[in-house]
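Written below as structure tokens is the structure these notes are about.
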Amino acid sequence: MIADKTKKIAITRPSITQLEIDYVNDAISNGWGERCYDYIKRFENEFAGYLGSKHALATSSCTGAIHLALMALGVKAGDEVIIPDITWIASVEPVLYIGAKPVFVDVLPDSWCIDPKKIEAAITPKTKAIVVVHLYGNMAEMDEILAIAKKHGLKILEDAAEALGSTYYQKKAGSIGDAGVFSFHGTKTVSTGEGGMMVTSDDSVIERARILNDHGRDPKVGKTFWMAEYGYKYKISNLQAAMGCAQIERVEELVEKKRKIFSWYKDLFSDTNKFQLNPEPEYIRNSVWMPTVIFNHDINIDRDGLMSYLKENGIDSRPFFYPLTSLPLFEEKKENIVSYDLYGRGINLPSHPGLEFEDIEIVYQAVIKYIN
């Protein structure tokens, strides 16, 4: 099958049905005045129910959710926060907002998630928290990380922005640590266009986060426009939350389509041993937000050349994340050997829910043709 250059295969986009349109229309028409928070509260309650978490707080972005979560967990200026070197910049920026110090550690070569042994080695008296990133839907080794955190009295924030629907021993990503965060950017499996969510089962953490997210207003004080302290505003809109309500009703449908798309890639790529794809050990269910190919060393892949070739053939792709310590913002840390080895050999492939097997076959054949 030859790629049809007139048909673009997008890497990702939301799945929009009449349900989303109806809910958003209702919010536009009726979601004002006393009803201006109706869809927000409903979205938070339904999302918490899906996760099995006690509380959820909808936000304008996942970055905002991370910021609120870290502060609610007690991270302050001068503290150290351990973070995987391979992740999107949003995982670390809120650490910098607070004035805390990010400590970057290496990832595992199979899951591409944070290496528990490297966490243990990086802990100092200043360490306050660990940010665990479930990369591309893959799950970190949470049991080992929980044991390390308990041993050293540390908080765990799960960045599950890319892992909605993934599970670890039947526990949903984002519900395992002290708090979890999610993204509803237009690229994500569940989308509100832009938006995020913080979840926790700790009453004190959610109470603190809600105060911080309301300009520092404490509802227990009971005074309108009275701010007890400096705060923020990372609130989602009722219109976005209306779309989120429809999407969370369809979450398993969307996750299963992602998994179906990955199964097509896995079957097609099974005739070669030139790649590593997203892992799925028996105790993990991978929602595979981004099907990812890591090419073996012996192929000596020109990643950027491959991406250009795919683009010429109407196929979107994305590069594997750079190590954060390779960016100009941070001090280089090449001792994170796995992180520095992975990024140049990896790409993300198209996986939005509107794709069918014929599309995936076109992508596969284009990749094979290039490397051959």
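The figures here come from the full heavy-atom set of this structure, side chains too, leaving out hydrogens, waters and symmetry mates.
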Distance-only, no hydrogens or angles: does the Arg259 side chain make a donor-acceptor pair with backbone N or O of Asn286 under 3.5 Å?
yes
Which residues pass the ring-ring contact (aromatic ring centres under 6.0 Å, His included) test with Tyr283, sequence neighbours left out?
Tyr168, Tyr169
Partner of Val105 by side-chain contact (heavy atoms from CB on, under 4.5 Å), out of Ile114, Ile83, Ile123
Ile114
Any side-chain heavy-atom pair from Val367 and Phe269 closer than 4.5 angstrom?
yes
Can you tell me which residue among Tyr343, Tyr136, Trp88 is in a ring pair (Phe, Tyr, Trp, His ring centres under 6.0 Å) with Phe320?
Tyr136
Under 6.0 Å between ring centres, would you say that holds for Tyr23 and Phe43?
no
Basic-acidic side-chain contact under 4.0 Å: Asp38, Arg35:
yes
Of all pairs that satisfy ring pair (Phe, Tyr, Trp, His ring centres under 6.0 Å), the ones with a partner from residues 52-85, not counting sequence neighbours
His67-Tyr97, His67-Tyr232, His67-Tyr234
Salt bridge flag under 4.0 Å for residues Lys257 and Glu356:
yes
Reference residue Asn348; test side-chain hydrogen bond (donor to acceptor under 3.5 Å, both in side chains); the match among Thr12, Asp316, Asn278, Thr292:
Thr292
Under-4.0 Å salt bridge between Lys171 and Asp143:
no
Hey, is the main chain of Phe104 close enough, under 3.5 Å, to the side chain of Lys333 for a donor-acceptor pair?
yes
Could you check if a side-chain atom of Lys258 sits within less than 4.5 angstrom of a side-chain atom of Ser351, using non-hydrogen atoms only?
yes
Are any of the side-chain heavy atoms of Ile145 and Pro116 separated by less than 4.5 Å?
yes
For residues Ile16 and Ile21, determine if any side-chain heavy atom of one lies less than 4.5 Å from a side-chain heavy atom of the other.
yes
Arg285 bridged to Glu256 by N-O distance under 4.0 Å:
yes
Sole residue of Thr325, Asp85, Asp106 in side-chain hydrogen bond (donor to acceptor under 3.5 Å, both in side chains) with Ser339
Asp106
Close side-chain approach of Glu120 and His152, heavy atoms under 4.5 Å
yes
Could you check whether Lys172 makes a cation-pi contact with Tyr50, meaning its NZ or CZ is under 6.0 Å from the centre of the six-membered ring and within 45° of the ring axis?
yes
Any chance you could lay out the side-chain contact (heavy atoms from CB on, under 4.5 Å) test for Lys369 and Gln365, step after step, and finish with the verdict?
CA-CA 6 Å; Lys369 185 175 181 181; Gln365 291 188 356; over 6 Å; no
Electrostatic pair Arg210:Asp214 at N-O distance under 4.0 angstrom
no
